[in-house]
Asker: 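To start, I am sharing the structure in question, which I have written as C-alpha cells.
Numbered from 1 within each chain, the chains take letters A, B, ... in sequence-line order.
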Amino acid sequence: MSDQITITLPDGSKRSYEKGVSALDVASSISEGLARNVLAAKIDGEVKDAFRPIDEDVSLQLLTWSDDEGKSTMWHSSAHLMAEALEALYPGIKLGIGPSIENGFYYDIDFEGVDFDSDNLEIIEKKMLELAREKNAFIRKEISKSDAVAYYQEKGDEYKLELLEGLEDGSISFYEQGKFTDLCRGPHIPHTGYIKAVKILNVAGAYWRGDENRKQLTRLYAISFPKQKELKEHLEMLEQAKQRDHRKIGKELELFTFSERVGKGLPLWLPKGAILRERLEGFLKKSQLKAGYDQVVTPHIGAKDLYVTSGHYAKYGEDSFQPIHTPAEDEEFLLKPMNCPHHCEIYKSKPRSYKDLPVRYAEFGTVYRYEQSGELHGLTRVRGFTQDDAHIFCTQDQVKSEFGNVVDLVLYIFSSLGFKDFTAQVSLRDPEKPEKYIGKDEDWEKAEKAIEEVAEEKGLDYIIEYGEAAFYGPKLDFMVRDALGRKWQLGTVQVDYSLPDRFELEYIGRDNQKHRPVMIHRAPFGSMERFIAILIENCAGDFPLWLAPDQIAILPISEKYHDYAKGLYGELQEQDIRGFIDERDEKIGKKIRDAEVKKIPYMLIVGEKESADGAVSVRQHRVGDIGSMKKEEFVGFFHNKVADLLK
RNA sequence: GCCGAUGUAGCUCAGGGGUAGAGCGUUUCCUUGGUAAGGAAGAGGUCAGGGGUUCAAAUCCCCUCAUUGGCUCCA
C-alpha cells in the first residue's frame with residue numbers, strides 16, 4: 001500500500017502527495033499567495049474544510065473569495081464568529097441556527113432574560129473583529145450523539161437539542177474556534193483571521209423553524225468581507241439600490257401615494273402614475289387583441305355563493321375581507337378576490353362548441369385581498385390591485401399551444417420593456433403526495449409535460465420546483481428581483497382542472513357529446529401595481545419613451561418665446577406627444593436641471609433662433625444637447641424612437 | 001398577525017423637559033436669460049393621534065394608528 005495519493009486539479013493536471021495532505025498544503029505547494037486565499041475546498045464535487053486531511057485519490061478545486069462556495073463558507077464561519085461574540089457579550093443566550101445566505105449570513109438567537117440592545121450593534125461588530133484578529137483555527141470534531149446531547153443539556157440550549165433529535169449518531173460534528181463550540185456539519189474557513197470586515201445589517205424576528213406557532217427568536221443579519229474596502233463598496237451598492245426604490249421614486253415623480261384615511265395597502269394613483277398605467281394597459285390590450293383575446297368587464301363584488309362554488313370561500317373566506325350584507329334582503333357579497341369565477345360565468349352564458357375553443361377572456365380586473373398588515377409593502381404587496389388577467393378555455397389538446405402562446409406574449413411584453421433579469425419557475429406536483437391534487441393523473445401528466453416542453457422550447461431560464469403546483473394544476477411563474485434583491489413573482493401561467501369542474505363548464509365535441517374544457521389562468525404583469533413597482537426599480541424611473549408620463553418638456557429661454565412654445569405644444573399634442581411647458585420665471589439652466597431631475601426623456605429648448613426657424617433645440621435626458629431640428633423633424637425622430645422600442 | 005425600528009413644514013432631514021429649525025419646493029417682487037441650481041421678501045407645523053408623569057412634554061412613560069426591516073402568509 002502506497003502512502004502517496006493522486007490529486008487531480010480542475011485543469012486536469014495530476015499531482016502526487018503524501019496521504020493526509022490537506023487542500024491548504026496542496027495550495028502552498030502551488031503558491032503561497034494562493035494558500036493565503038484558500039477558504040475551502042471542493043473535493044470530488046463536495047465542499048469541505050481546506051484543512052481536512054485527504055486520504056485517497058480525489059479531484060480537488062481550491063475555493064477562494066471569488067467562488068460562490070468560498071464566499072458562503074466564509075459567511076458561515078462568520079456566523080460562528082458572530083455567535084462567539086454574542087456569547088461573550090451576552091452570557092446566557094441560546095442559539096438557534098446560523099447559516100450563510102445569498103448575501104451574507106444570519107444567526108437566530110434567543111435573548112430571553114438577557115438584556116440585548118439592538119441599537120448598539122457596533123459593540124458586536126467590534127467584538128467580532130477582535131476575536132477575528134486572534135486568528136482562531138476552526139477545529140472539527142466528530143462526536144457521538146449522546147455526547148452532543150449531554151453537551152447541550154449542560155448548556156441548556158433546547159434549540160440545539162431539538163436539532164440533534166433529527167440527526168443520526170455517527171454523522172454529528174462540532175466545530176470549535178476560540179472559546180466557542182457549535183453543532184455544525186461545516187465546512188469552515190481555516191481560521192477567523194480571514195474575516196477582516198463585518199457589518200450587522202439588520203435585526204428581525206424569525207420564528208423557530210419557520211413555524212409561526214413557535215417561539216420567535218431574534219435574527220441578526222450580517223455580512224463579512226476579507227477586505228475593508230469590499231465592505232465599503234457593498235454598503236455603497238446598498239445605498240444606491242435604495243435610490244431605485246419604487247416608493248422613493250414614486251413619491252419624487254408623483255406617480256402614486258397612500259393615505260391613512262383611505263386605508264393601508266390601498267394605493268392612490270396620481271395623474272402621472274395613471275398615465276403610465278394606462279399606457280401599459282393600452283399596450284397590453286393591443287398585444288392581446290392581436291393574440292386573439294376578447295376583452296370583458298366584470299363587477300368588483302360577487303355573491304358569496306360564487307366563491308363558495310369556486311372553492312375560494314372555503315380556502316380563504318375566513319381570513320379575508322368579510323362578506324358585505326345588504327340591509328333589506330340580507331344578501332351576502334364578497335369583494336372580488338379573483339376574476340376567474342366571473343369569467344367562468346361568462347363562459348357559461350351560452351353553449352359552446354369545440355369549434356369556439358379556445359375562448360380567451362381578458363380583463364384588467366381589480367381585486368381585493370386581505371393581506372396581513374405586516375406584509376404590506378409599497379406597491380408590491382397591497383390590498384387592492386388590478387390584475388392583467390385572462391382566462392383561456394380550451395381542450396386538453398390545446399393546452400400546450402395555448403401555453404406556448406402565452407409565454408410568447410409574456411416574452412414579447414418583457415422585451416418591449418427592456419426586462420432582462422427574470423427567471424421562470426415551473427411548479428409541478430409533489431410526487432410523494434398525489435392526494436393533494438385534483439384532476440385526472442393523465443391530464444396532469446400531459447399538462448406538466450407541456451409546460452416543461454414549452455419552457456425548454458422557448459429557451460427560458462427556468463427551474464423546476466416539485467410540490468409547488470397549485471392544488472388545481474401546474475404553473476409557470478416569472479420571477480424578478482427588486483432593487484434590494486428581494487424576489488417577487490410577476491407573471492404567471494396556470495393550468496386549472498378544478499374550476500371547470502366546479503362550475504360544470506362544458507363544450508360540445510365533434511362527437512356531439514359534452515366535454516369539460518381546461519382553463520388556463522394567465523397574467524403577464526401579475527398585477528399592474530407590482531409590475532410598475534418592479535419596472536420603476538429596473539429603470540430607476542427612466543421609463544421607456546413611450547411610457548414616460550411626461551415625454552417632453554418645452555423650455556423657453558425667456559418669456560418672449562412663450563407664444564412659440566404654446567404653438568409647439570399644441571402641435572406636439574396633435575401628434576400624441578405628451579409633456580408640458582416650463583413657463584416659470586427661471587433661467588434655462590435651472591429649467592434643464594429640474595427637467596433632468598424629473599427624468600424627462602427630451603427637453604425642447606426654444607429661444608430666438610428656434611422661434612425664427614420653426615425649430616427646437618433638443619436635449620436628451622442623461623445625454624445632453626443633441627442638436628437643433630425642425631419641429632416636424634423632431635416629431636418624426638420621436639415616433640421613430642418609440643417604434644424602435646416596440647419592435 | 002408576530003419580533004424590532006421609525007413618525008417634526010408639501011419633500012429630505014436636524015433638534016431632544018423651558019419662544020419650533022435648515023435645505024429644497026411653494027407665493028410675491030426684481031431679473032428676460034442659450035444647455036444641471038440668478039437675487040430678495042413672505043407664507044407654511046396641535047412635532048402621527050390619545051392618555052399619563054411634571055410648575056412645564058415635540059422631548060420621558062403607556063396605548064392606538066401609520067410606515068418600515070424581517071418572519072409567517074400569498075387564490
Asker: Whom does B/G16 pair with, Watson-Crick or G-U wobble, provided both distances fall under 3.5 Å?
Answerer: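 Pair assignment: B/G16 / none.
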Asker: Using atom P of each nucleotide, how far apart are B/A43 and B/G21 to the nearest Å?
Answerer: 13 Å
Asker: A/Glu402: which residues meet the salt bridge (Lys or Arg N to Asp or Glu O under 4.0 Å) condition with it, sequence neighbours left out?
Answerer: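 Partners of A/Glu402 by the salt bridge (Lys or Arg N to Asp or Glu O under 4.0 Å) criterion, ordered by chain and then number, come out as A/Arg360.
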Asker: Over 60° means perpendicular and under 30° means parallel, so classify the ring planes of A/His391 and A/Phe393, tilted if in between.
Answerer: tilted
Asker: For B/A14 and B/C47, measure between their C1' atoms and round to the nearest Å.
Answerer: 13 Å
Asker: Which listed nucleotide (B/C71, B/A75, B/C74) is nearest to the side chain of A/Arg381?
Answerer: B/C74
Asker: Taking a pair as Watson-Crick or G-U wobble with both distances under 3.5 Å, which nucleotide is matched to B/A9?
Answerer: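 WC or wobble partner does not exist here.
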Asker: May I ask you to verify if any side-chain N or O of A/Arg247 is less than 4.0 angstrom from the OP1 or OP2 atom of B/U68?
Answerer: yes
Asker: NA contact type, A/His521, heavy-atom cut-off 4.0 Å: base, sugar-phosphate, or nothing?
Answerer: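 Contact class for A/His521: none.
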Asker: Does anything in residues 525-535 of chain A come within less than 4.0 Å of RNA chain B? Heavy atoms only, and list the residues if so.
Answerer: none
Asker: Show which side-chain atoms of residues 249-256 of chain A pair as donor or acceptor with protein atoms under 3.5 Å away, not counting sequence neighbours.
Answerer:
unit_1: A/Glu252; atom_1: OE2; unit_2: A/Lys248; atom_2: NZ; d: 3.0

Asker: Hey, does the side chain of A/Tyr221 come within less than 4.0 Å of B/C71's phosphate (OP1/OP2), counting only N and O?
Answerer: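 The answer is yes; a side-chain N or O of A/Tyr221 sits under 4.0 Å from OP1 or OP2.
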Asker: B/A20 and B/A9: how far apart are their P atoms, nearest whole angstrom?
Answerer: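 After rounding to an integer number of Å, I get 15 Å for this pair.
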Asker: Rounded to the nearest angstrom, tell me the gap between atom NZ in A/Lys598 and atom P in B/G25.
Answerer: 11 Å
Asker: One character per nucleotide, please: for nucleotides 33-42 of chain B, 5' to 3', B when the base has a protein heavy atom closer than 4.0 Å, S when only the sugar-phosphate does, - otherwise.
Answerer: BBBBBB----
Asker: In the structure shown, which nucleotide is the Watson-Crick or G-U wobble counterpart of B/C2, with both distances under 3.5 Å?
Answerer: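 Base partner found: B/G70.
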Asker: Do any N or O atoms of the protein come closer than 3.5 Å to N or O atoms of nucleotides 7-13 of chain B, and which pairs are they?
Answerer:
unit_1: B/U12; atom_1: OP1; unit_2: A/Lys251; atom_2: NZ; d: 3.2

Asker: Should B/U46 form a Watson-Crick or G-U wobble pair with both distances under 3.5 Å, which nucleotide is its partner?
Answerer: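 Across all strands, not a single nucleotide pairs with B/U46.
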Asker: Who pairs with A/Lys336 by salt bridge (Lys or Arg N to Asp or Glu O under 4.0 Å), at least two apart in sequence or on another chain?
Answerer: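 Testing A/Lys336 for salt bridge (Lys or Arg N to Asp or Glu O under 4.0 Å), a comparison that skips the adjacent residues, returns A/Glu363.
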Asker: Tell me: CD of A/Gln216 to P of B/G69, nearest whole Å?
Answerer: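 Going from A/Gln216 (CD) to B/G69 (P), I get 16 Å.
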Asker: Regarding A/Gly627, tell me which of base, sugar-phosphate or nothing describes its non-hydrogen contacts under 4.0 Å with the strands shown.
Answerer: nothing
Asker: Can you tell me the pairing partner of B/U28 across any strand shown, Watson-Crick or G-U wobble, with both distances under 3.5 angstrom?
Answerer: B/A40
Asker: Would you state whether a donor and an acceptor, one from the side chain of A/Glu371 and one from the base of B/C74, lie under 3.5 Å apart?
Answerer: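 Between B/C74 and A/Glu371, which were checked side chain against base, a qualifying N/O pair under 3.5 Å is absent.
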Asker: Throw together a table of side-chain donor-acceptor distances under 3.5 angstrom for residues 94-103 of chain A, partners on residues two or more places apart or in other chains.
Answerer:
unit_1: A/Lys94; atom_1: NZ; unit_2: A/Glu158; atom_2: OE1; d: 3.1
unit_1: A/Glu102; atom_1: OE2; unit_2: A/Arg481; atom_2: NH2; d: 3.2

Asker: Are A/Arg622 and A/Asp542 close enough for a salt bridge, meaning some N to O gap below 4.0 Å?
Answerer: yes
Asker: More 5' along RNA chain B: A/Met338 or A/Gly265, using each one's nearest nucleotide?
Answerer: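 Comparing both residues, the 5'-ward one is A/Gly265.
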Asker: Can you check the A/Arg502 CZ to B/A75 C1' distance for me, whole Å?
Answerer: 12 Å
Asker: Is the distance from OP1 or OP2 of B/U32 to the nearest side-chain N or O of A/His562 less than 4.0 Å?
Answerer: no
Asker: Write out all pairs satisfying side chain to side chain donor-acceptor pair (under 3.5 Å) with one or both partners inside residues 599-619 of chain A, taking only residues at least two apart or from two chains.
Answerer: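 Applying side chain to side chain donor-acceptor pair (under 3.5 Å) to every pair that reaches into residues 599-619 of chain A, excluding sequence neighbours, yields A/Glu596-A/Arg619.
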Asker: Around A/Lys315, counting heavy atoms of other residues, nucleotides and ligands shown, do more than 12 lie under 6.0 Å from its NZ?
Answerer: no
Asker: What is the nucleic acid contact for A/Ala206, judged by heavy atoms within less than 4.0 Å: base, sugar-phosphate only, or nothing?
Answerer: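 Result for A/Ala206 = sugar-phosphate.
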Asker: For nucleotides B/G52 and B/C11, find the distance between their P atoms and express it as a whole number of Å.
Answerer: 30 Å
Asker: Which pair of non-hydrogen atoms, one from A/Ile581 and one from A/Pro556, has the smallest distance, and what is that distance?
Answerer: CG2-CG, 3.9 Å
Asker: Rounded to whole angstrom units, what separation is found between the CZ atom of A/Phe258 and the P atom of B/U67?
Answerer: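 Atom-to-atom, A/Phe258 to B/U67, this comes out as 8 Å.
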Asker: Considering residues at least two apart in sequence or located in another chain, which fulfil the side-chain hydrogen bond (donor to acceptor under 3.5 Å, both in side chains) criterion with A/Tyr561?
Answerer: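 Checked A/Tyr561 against side-chain hydrogen bond (donor to acceptor under 3.5 Å, both in side chains); zero matches.
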Asker: Across all strands, who's sitting opposite B/A57 as a Watson-Crick or G-U wobble pair, both distances under 3.5 Å?
Answerer: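 Partner of B/A57: none found under 3.5 Å.
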Asker: Considering only atom P, compute the distance from B/G38 to B/G33 and round it to an integer number of Å.
Answerer: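 Result for the P pair: 15 Å, nearest Å.
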Asker: Between B/C73, B/A75, B/G70, which nucleotide has the shortest distance from any of its atoms to the side chain of A/Arg486?
Answerer: B/G70
Asker: In whole Å, what is the span from the CZ atom of A/Phe116 to the C1' atom of B/C3?
Answerer: 12 Å
Asker: Who are the salt bridge (Lys or Arg N to Asp or Glu O under 4.0 Å) partners of A/Glu586, not counting sequence neighbours?
Answerer: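 For A/Glu586, no residue satisfies salt bridge (Lys or Arg N to Asp or Glu O under 4.0 Å) once neighbours in sequence are set aside.
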Asker: How far, in whole Å, is B/C73 from B/C3 if one measures between their C1' atoms?
Answerer: 16 Å
Asker: Looking at B/A75 and A/Tyr316: do their rings stack (centroid distance under 5.5 Å, interplanar angle under 30°)?
Answerer: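 Stacking between A/Tyr316 and B/A75: present.
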Asker: When you check the gap from the basic side-chain N to the acidic O, do A/Asp245 and A/Arg247 get nearer than 4.0 Å?
Answerer: yes
Asker: A/Glu468 CD to B/C74 C1': how many Å, rounded?
Answerer: 12 Å
Asker: Kindly point out which of B/G69, B/C71, B/A75 is positioned nearest to the side chain of A/Arg369?
Answerer: B/A75
Asker: What integer distance in Å separates A/Lys264:NZ from B/U64:P?
Answerer: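 After rounding, the gap between these two atoms is 12 Å.
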Asker: Work out how far the C1' atom of B/A48 is from that of B/A5, and round it to whole angstrom.
Answerer: 16 Å
Asker: Select from A/Tyr472 and A/Gly210 the residue whose nearest nucleotide in RNA chain B is closer to the 5' end of that strand.
Answerer: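 The answer here is A/Gly210.
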Asker: Quick one: salt bridge (Lys or Arg N to Asp or Glu O under 4.0 Å) partners of A/Asp501, sequence neighbours excluded?
Answerer: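 Per chain and number, A/Asp501 pairs via salt bridge (Lys or Arg N to Asp or Glu O under 4.0 Å) with A/Arg516.
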Asker: Measure centre to centre between the rings of A/Tyr90 and A/Phe111, then say whether the value is under 6.0 Å.
Answerer: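 Under 6.0 Å, so yes.
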Asker: To the nearest angstrom, how far is A/Leu266 atom CG from B/A66 atom C1'?
Answerer: 13 Å
Asker: Using the P atom in both, what is the distance from B/G18 to B/G10, to the nearest Å?
Answerer: 24 Å
Asker: Holding to side-chain hydrogen bond (donor to acceptor under 3.5 Å, both in side chains), I want the full list of residues that pass it with A/Trp269, two or more places apart in sequence or in another chain.
Answerer: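 Listed in chain order: nothing, the list is empty.
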Asker: Look at the side-chain N and O atoms of A/Arg261 and state whether any lies under 4.0 Å from the OP1 or OP2 oxygen of B/C65.
Answerer: no
